[in-house]
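Please read the structure below before turning to the comments.
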Amino acid sequence: MSTRKLLSTTHFHPIPLIVRNSIQLVQNCTTPPNPPFIPKGPSVLATTLIKSYFGKGLIGEARTLFDEMPERDVVAWTVMIAGYTSCNNHTHAWMVFCEMMNEELDPNAFTISSVLKACKGMKCLSYGRLVHGLAIKHGLDGFIYVDNALMDMYATCCVSMDDACMVFRGIHLKNEVSWTTLIAGYTHRDDGYGGLRVFRQMLLEEVELNPFSFSIAVRACTSIGSHTFGEQLHAAVTKHGFESNLPVMNSILDMYCRCSCFSEANRYFYEMNQRDLITWNTLIAGYERSNPTESLYVFSMMESEGFSPNCFTFTSIMAACATLAFLNCGQQIHGRIIRRGLDGNLALSNALIDMYSKCGNIADSHQVFGGMSRRDLVSWTAMMIGYGTHGYGEEAVELFDKMVRSGIRPDRVVFMAILSACSHAGLVDEGLRYFKLMVGDYNISPDQEIYGCVVDLLGRAGKVEEAYELIESMPFKPDECVWGPFLGACKAHTFPNLGKLAAHRILDLRPHMAGTYVMLSNIYAADGKWGEFARLRKLMKRMGNKKETGRSWVEVGNHVYSFVVGDEVGSKIEGIYQVLENLIGHMKESGYVPDLDCLIYDLEDGT
DNA sequence: GTAGGGTTAG
């Protein structure tokens with residue numbers, strides 16, 4: 001007998017395991033009444049169970065039970081839609097809604113607001129507009145939950161905030177959620193000023209402020225990088241008595257970190273009277289961006305205080321290991337990720353690809369990439385960058401085409417990755433083909449960085465004059481992203497006049513870039529212009545301008561040894577000079593001739 | 001028995 005039949009009868013029947021377990025589950029959640037528990041009705045019981053299943057992530061069980069229900073009312077359908085959305089399965093939520101419409105059931109305000117959340121999750125404006133039409137048809141626009149969900153959907157799916165604002169203006173009795181949804185709409189699209197304008201309006205209209213409004217307003221300050229506004233809001237948070245609200249405190253901590261106010265962030269962190277995992281993750285992520293060593297230290301402190309890391313923590317730690325090239329540490333954390341069963345997490349896998357690649361282990365990057373059951377644009381980009389930096393241009397090209405075939409639309413960053421890969425592998429024609437594809441087929445307008453990649457592509461291959469023609473043809477004034485690689489090409493392929501031009505353009509834009517002075521003085525030296533060479537070096541000394549020293553590091557056992565040219569490291573790491581000799585031997589065999597001139601000039605200057 | 005806005009990553 002099917003569960004559908006079983007639920008539709010009041011007679012005694014052997015109960016299938018799934019329903020017996022489900023009834024047990026409900027009975028465990030409530031105080032058993034006396035006389036024995038009698039469910040209100042099969043539909044209500046099943047609906048409760050479905051919600052409970054979704055809450056535990058048991059999506060398959062929820063669907064089976066729903067399919068077996070004899071009668072499915074609007075509440076049951078809504079629970080399914082909301083359940084799928086709560087598990088980030090927006091496509092299934094939408095499919096359930098379509099099924100419901102096919103059965104000619106009328107949606108209510110709960111259904112509409114739930115399915116709008118699914119449209120938002122899918123970022124699908126056309127579906128959202130369709131639901132808006134249905135809401136009007138059923139007289140459900142005007143319900144505050146529906147209007148707020150409409151605003152949220154339009155704010156997420158539209159190019160501009162116009163539609164969201166139109167819905168907002170049409171709400172007669174706006175509540176706090178209406179206001180915070182509008183602020184969040186601006187803020188999440190990185191329009192912090194827009195978000196703060198709405199927040200100010202909220203203050204002027206004397207809308208009651210709550211922790212939600214403060215945390216999103218603080219996020220708006222963060223997005224514009226204004227710690228001045230952030231500090232004012234921090235004071236306002238205290239004035240309104242929300243200084244002990246943990247999400248608000250976490251957003252303030254995040255603001256100080258992202259505005260690079262680390263002494264304030266640190267002080268604030270130590271003064272916090274309560275901390276949760278998000279607090280620690282915020283500080284770890286904050287340090288990861290500017291001081292990865294410190295982020296590893298905070299991580300160890302977090303564990304010693306008994307907090308267990310999650311996907312967010314591990315992602316930041318992986319990024320820190322990548323920046324520091326701590327392969328051993330990264331491998332150990334990877335082991336922990338596998339033991340914790342977190343290796344299926346998309347963002348974490350993306351961070352692992354990046355970590356292995358930046359630590360020089362491209363084979364393991366490839367292994368992580370190959371083992372992923374789901375990949376997004378970031379996964380493909382990380383792998384392509386890995387191939388590119390390791391000189392595997394053809395593999396990167398192959399990967400790009402495979403990605404497009406899998407249905408993922410490339411963005412600006414992927415094009416930068418593929419152009420850079422072609423550039424380092426000398427694949428000039430391939431690179432130029434991608435440049436044309438980007439503009440022609442994908443309608444992406446090249447910006448400074450993209451032009452910089454194409455100039456680098458041409459320049460590295462010795463096509464310096466073509467690179468210059470490209471710069472001349474740019475529709476806007478080139479900046480250092482373009483002149484920088486061009487200068488490198490002029491130096492490498494001995495085009496002193498164009499090199500001087502590039503260096504002067506960079507110095508006009510960035511007068512304190514020591515590397516440019518060094519490069520320019522070396523161009524003068526190579527051209528025999530010793531007077532100019534000496535003048536520039538004196539100028540640098542007068543300005544106190546010193547080129548940042550190139551630093552290398554090597555991980556041996558549990559230690560990381562860091563050194564600059566001339567450091568005595570031999571006593572610390574036996575055999576390092578032997579390895580160096582081997583490397584030099586390989587380089588000579590490959591026909592590499594070092595540019596000793598530059599080295600001599602740098603040493604003469606003591607830099 | 002059903003629906004909302006805020007904090008951490010890539």
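Chain A is the first sequence line, chain B the second, and so forth, proteins listed ahead of strands; every chain is numbered from 1.
- Nucleotide B:dT2 holds its P atom 15 Å from the CZ atom of A:Phe66, rounded to whole Å.
- One N or O donor and one acceptor, one from the side chain of A:Ser215 and one from the base of B:dG6, sit under 3.5 Å apart.
- Taking atom CG on A:Leu150 and atom P on B:dG5, their separation rounds to 14 Å, with Å as the unit.
- Among the nucleotides B:dG1, B:dT7, B:dG10, the one closest to any side-chain atom of A:Ala76 is B:dG1.
- Atom CD1 of A:Ile144 and atom P of B:dG4 are 14 Å apart (whole Å).
- The listed nucleotides are B:dG1, B:dG4, B:dA3; the one nearest the side chain of A:Thr48 is B:dG1.
- The nucleotide whose nearest atom lies closest to any side-chain atom of A:Ser316 is, among B:dA9, B:dT8, B:dG6, B:dA9.
- Here A:Arg275 does not reach the OP1 or OP2 of B:dT7: none of its side-chain N or O atoms lies under 4.0 Å away.
- A salt bridge links A:Arg129 to A:Asp163: at least one charged side-chain nitrogen sits closer than 4.0 Å to a carboxylate oxygen.
- No N or O donor and acceptor, one from the side chain of A:Thr181 and one from the base of B:dG5, sit under 3.5 Å apart.
- Nucleic acid contact class of A:Asn310 (heavy atoms, under 4.0 Å, all strands): none.
- Between A:Arg336 and A:Glu303 there is a salt bridge, since at least one side-chain N of the basic residue sits less than 4.0 Å from a carboxylate O of the acidic one.
- An OP1 or OP2 oxygen of B:dG5 is reached within less than 4.0 angstrom by no side-chain nitrogen or oxygen of A:His188.
- Going from atom CG of A:Asp354 over to atom P of B:dG10 covers 9 Å, rounded to whole Å.
- Set against B:dT2, B:dT8, B:dG6, the side chain of A:Phe212 has B:dG6 as its closest nucleotide.
- If you check B:dG1, B:dT7, B:dG10 against the side chain of A:Asp254, the one that comes closest is B:dT7.
- Between A:Tyr193 and A:Phe229, the ring-plane angle classifies as perpendicular under the 30° and 60° cut-offs.
- Ring orientation note: the planes of A:Phe242 and A:Phe214 are tilted relative to one another, at an angle of 30° to 60°.
- Of all nucleotides listed (B:dG5, B:dA3, B:dA9), B:dG5 comes nearest to the side chain of A:Asn210.
- You'll find that the side chain of A:Asn148 is closest to B:dG4, out of B:dT7, B:dT2, B:dG4.
- Aromatic ring pairs are classed by plane angle as parallel below 30°, tilted from 30° to 60° and perpendicular above 60°; the pair A:Phe97 and A:Trp94 is tilted.
- Nearest nucleotide to the A:Asn245 side chain, out of B:dG6, B:dG10, B:dG5: B:dG6.
- At a cut-off of 3.5 angstrom, counting only N and O atoms as typed in the model, there is a donor on one side and an acceptor on the other between the side-chain of A:Asn175 and the base of B:dG4.
- Using a 4.0 Å heavy-atom distance criterion, A:Glu288 is classed as a sugar-phosphate-only contact.
- Nearest nucleotide to the side chain of A:Glu176, out of B:dT2, B:dG4, B:dG5: B:dG5.
- Among the protein residues, A:Asn350 comes within range of no part of the nucleic acid, since none of its heavy atoms lies under 4.0 Å from any strand.
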Take A:His334 and A:Phe314 through the test ring pair (Phe, Tyr, Trp, His ring centres under 6.0 Å) and record every step on the way to the result.
-> CA-CA 9 Å; A:His334 189 182; A:Phe314 284 134; over 10 Å; no

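- Using a 4.0 Å heavy-atom criterion, one finds that A:Ala149 contacts no nucleic acid atom at all.
- At least one side-chain nitrogen or oxygen of A:Lys51 sits closer than 4.0 Å to the OP1 or OP2 atom of B:dT2.
- Between A:Met80 atom CE and B:dG1 atom P there is a gap of 19 Å when expressed in whole angstrom units.
- Candidate nucleotides B:dG1, B:dT8, B:dG5 were compared by shortest atom distance to the side chain of A:Asp73, and B:dG1 ranks first.
- No contact: A:Val115 has no heavy atom under 4.0 Å from any strand.
- Applying the 3.5 Å distance criterion, the base of B:dA3 shares a donor-acceptor pair with the side chain of A:Ser113.
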